[in-house]
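Report on one structure; see the data block that follows.
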Amino acid sequence: MQKSYTDAHRYSIENPEGFWKEQADEIHWFKKPSIIKGKDPLKNEWFVDGKLNLSYLCIDKHIEDGFGSQTAIVYDSPVTDTRREISYNELHDEVSRLAGGLLSLGIKKGDTVIVYMPMIPQAVYAMLACARIGAIHSVVFGGFAPHELAIRINDCKPKAIICASNGIEIDKVIPYKEFVDKAIDVAEHKPSNVVIFDRGDVYYSRSDRDIDYRELVEKSQAAEVVPVEGNHPSYILYTSGTTGTPKGIIRDTGGYATALKFSMTNIYAVEPGECFWAASDVGWVVGHSYIVYAPLINRSTTIVFEGKPIKTPDASTFWRIIEENKVKTMFTAPTAIRAIRKEDPKGEFIQKYDLSHFKYFFLAGERCDAATLHWLKAQLGIPVIDHWWQTESGWPMLANMAGLELFDVKPGSASFPVCGYDIQILNAEGEALGANEEGYVAVKLPLPPGNLVSLWQNPTRYQKGYLERFPGYYFSGDGGYKDEDGYFFITGRVDDVINVAGHRLSTAEMEEIVAKHPAIAECAVVGIHSDLKGQEPLGLIVLQSNVTESAEEISKAIINEVRKEIGPVASFKKVVHVQRLPKTRSGKTLRKLLRQIADSDQYNIPSTIDNIDVIGEIEMTFEENKVGRFKS
Ligand code: COA
Ligand code: AMP
């Protein structure tokens with residue numbers, strides 16, 4: 001491995017096959033791949049003829065190497081007042097028997113299984129049990145409502161769903177099993193079985209398809225590892241796109257394992273045996289890659305945290321966990337830090353803990369404002385590193401690669417392209433832009449290993465959505481620029497995707513739900529600035545002329561409907577009634593202008609606007625309703 005970032009990055013771009021062959025040698029293969037990069041430039045296929053198994057890499061390999069008694073997982077759950085350490089040996093026992101249980105239900109290599117669970121170790125066991133037998137898991141985040149779960153059931157047609165009876169949020173119990181039943185009721189596809197881990201906090205009804213998780217594990221034999229091909233799908237993870245239908249990102253096995261192993265030491269500077277913590281949820285890509293697969297492949301200790309940065313019980317929780325587990329590197333979304341800072345602006349909690357083992361703090365998932373970065377750096381005195389990636393990439397695309405060569409941090413910048421990524425800023429015509437010119441952020445093909453292979457059941461959407469906008473490039477959907485020193489700055493999405501508390505959501509999907517209300521003539525949903533969550537959705541509604549209900553009643557009904565259809569995670573809490581929406585001459589709603597009016601003091605009125613006089617009306621309505629910058 002080259003010592004300097006510049007050399008390593010150059011080598012990875014000039015000779016991707018050579019670079020990634022060396023990295024693939026860092027993991028165990030049952031059959032070493034002879035094909036490194038698949039030949040089709042549009043398919044991100046790596047190591048297709050190799051044979052390996054993710055569950056083996058995460059568990060068995062370490063036991064064979066003599067590390068069975070090392071702690072693999074720390075389960076820290078302030079909401080249930082529990083802390084438990086799970087060794088690699090125990091993980092093996094749990095996972096292999098659950099895998100045996102899945103086999104007994106007729107689940108085999110290539111079948112799909114949905115996992116709908118809170119942050120408990122059983123969620124990780126479920127993922128690894130699927131991987132052990134070559135089944136493809138699809139984890140659905142608990143904050144999504146039954147309707148969203150049903151969409152995913154219909155799309156990936158799982159043979160079984162593994163769920164918990166319930167989750168525990170700060171002030172409420174979430175009835176996961178009840179949501180699963182509701183989702184199956186409305187879904188066209190009916191899974192054969194639902195395996196329930198009963199936490200004892202809620203009553204739930206049982207039917208013939210239901211199976212008790214503990215009974216299944218107790219009566220099942222440990223399953224052997226099933227070696228799979230390098231390009232075998234390990235999982236499908238749904239993410240928001242620009243339409244109402246979520247996209248099922250397909251991840252491979254060989255490329256993913258290789259990239260994750262590389263990232264642990266070279267980006268996050270974490271060695272085997274050290275503790276790494278990603279404070280996220282297994283329902284998101286961060287959870288897949290950096291709570292489960294990467295730390296375990298790396299033989300690090302990972303933390304399954306069932307709590308929040310604040311209120312469980314207070315803003316000291318992160319620092320307690322870092323001290324107790326000697327966390328070396330942690331990773332979370334800036335929202336979590338904003339929440340902590342609000343509760344503990346002077347960092348008084350931080351001073352109470354011994355954080356001497358703590359070396360790096362990584363942030364991602366949304367834009368990181370400079371104030372949050374400066375505050376955190378001042379409190380901790382260690383590098384605070386903003387880095388950029390997406391569900392599609394599966395691992396970082398821009399970062400300050402701390403394990404390879406740490407550069408000065410520039411606030412607002414996610415630093416440099418990670419090895420394997422040739423990142424370019426393009427103009428609308430696909431031409432590379434110069435320093436400080438803002439454009440579209442794209443990655444020159446080939447994408448490195450670990451990136452999405454395609455979209456589940458929808459290769460056309462994959463081609464159209466990512467590869468056709470700029471031929472020869474993968475288009476990220478983000479805008480940004482590069483400065484004169486080569487630091488990249490991500491300025492935000494250029495489509496209808498928003499990031500609320502680090503959660504990726506589609507305003508188009510919300511609009512579809514709002515538009516269904518019979519009183520609505522027209523509507524728009526835009527993401528506006530939020531001090532805590534980065535962005536929050538704002539609905540604008542124009543009512544039909546003959547409506548008898550009040551705008552308040554309609555707004556309330558719409559807010560409830562979005563919560564019911566998408567879930568509480570949408571944080572859709574504000575709707576304003578306007579007389580008209582700004583439009584172009586061709587009738588397109590000017591959503592960006594609406595966002596700019598809400599957020600900033602200055603904005604450019606597009607020359608294509610048809611009804612310029614509507615702007616004053618909108619400003620007045622925002623002022624009356626205390627929207628965005630008109631709040632105070
Ligand atoms: N299961 C069920 N419901 C969930 C949930 C889950 N796993 N996660 C969140 N929700 C619910 C919340 O209870 C809340 O419901 P409410 O409207 O009834 O109050 C709603 O979804 C919105 O949640 P959230 O946006 O997280 O807001 P919050 O006010 O509950 O918490 C923070 C605010 C800052 C503490 C929280 O957003 C946070 O910890 N953010 C960290 C970001 C993060 O981990 N991002 C992951 C990507 S790296
Ligand atoms: P997700 O797929 O949920 O991980 O969301 C990915 C999107 O979050 C990206 O396309 C960006 O818009 C945004 N994002 C992630 N990390 C950053 C970052 N460090 N800076 C700015 N935006 C980010």
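As the structure lists them, so they are numbered: ligands from 1, and atoms in each ligand from 1.
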Name the closest protein heavy atom to [atom], giving the residue it belongs to and the distance to 0.1 Å.
atom: atom 18 (C) of ligand 2; value: E366 O, 3.3 Å
atom: atom 13 (C) of ligand 2; value: N499 ND2, 3.5 Å
atom: atom 1 (P) of ligand 2; value: T391 OG1, 3.4 Å
atom: atom 6 (C) of ligand 2; value: W389 O, 3.6 Å

Atom 36 (C) of ligand 1: any protein heavy atom closer than 4.0 Å: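 False for atom 36 (C) of ligand 1.
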Check: R504 N/O within less than 3.5 Å of ligand 2 N/O: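 Such a contact does occur with ligand 2.
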Ligand 2 N/O within reach of E392 N/O, cut-off under 3.5 Å: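 No, there is no polar N/O contact under 3.5 Å.
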Structural part of Y290 in contact with ligand 1, heavy atom criterion under 4.0 angstrom: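 Within the 4.0 Å criterion, Y290 makes no contact with ligand 1.
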Residue part near ligand 1, for R504, under 4.0 Å between non-hydrogen atoms: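 Within the 4.0 Å criterion, R504 makes no contact with ligand 1.
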Give a yes or no on whether the ring-centroid distance for [X] and [Y] is below 6.0 angstrom.
X: Y268; Y: H387; result: yes
X: F416; Y: F488; result: no
X: F305; Y: W277; result: yes

Shortest heavy-atom approach to atom 12 (O) of ligand 2 - which of V497, D478, I498: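 Closest candidate by heavy-atom distance is D478.
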S571 to ligand 1, any heavy atom closer than 4.0 Å: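 Yes, that is the case, since the closest heavy atom of the residue is under 4.0 Å from the ligand.
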Heavy atom of R563, distance to ligand 1 below 4.0 Å: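 Checking ligand 1 against R563, which is what was asked, there is a heavy-atom contact under 4.0 Å.
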Test item, G365 contacting ligand 2 (heavy atom, 4.0 angstrom):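 Yes, G365 has heavy atoms under 4.0 Å from ligand 2.
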Ligand 1 N/O within reach of T335 N/O, cut-off under 3.5 Å: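 N/O-N/O distance below 3.5 Å does not exist for this pair.
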Greater than 12 external heavy atoms within 6.0 Å of D408's CG: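 Atom CG in D408 is not packed in, count stays at 12 or less.
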Any side-chain heavy-atom pair of V113 and I161 under 4.5 Å: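 A side-chain contact is absent here, since even the closest heavy-atom pair is not under 4.5 Å.
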Of F318, Y290, Y360, F362, the residue whose pairing with M330 passes side-chain contact (heavy atoms from CB on, under 4.5 Å):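 Going through the options one by one, the only one that passes is F318.
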W395 and Y293: CA distance, side-chain angles, deciding distance, ring pair (Phe, Tyr, Trp, His ring centres under 6.0 Å) verdict: CA-CA 11 Å; W395 65 292; Y293 290 113; over 10 Å; no
Evaluation steps, ring pair (Phe, Tyr, Trp, His ring centres under 6.0 Å), between Y235 and Y256: CA-CA 11 Å; Y235 65 77; Y256 190 48; 5.4 Å; yes
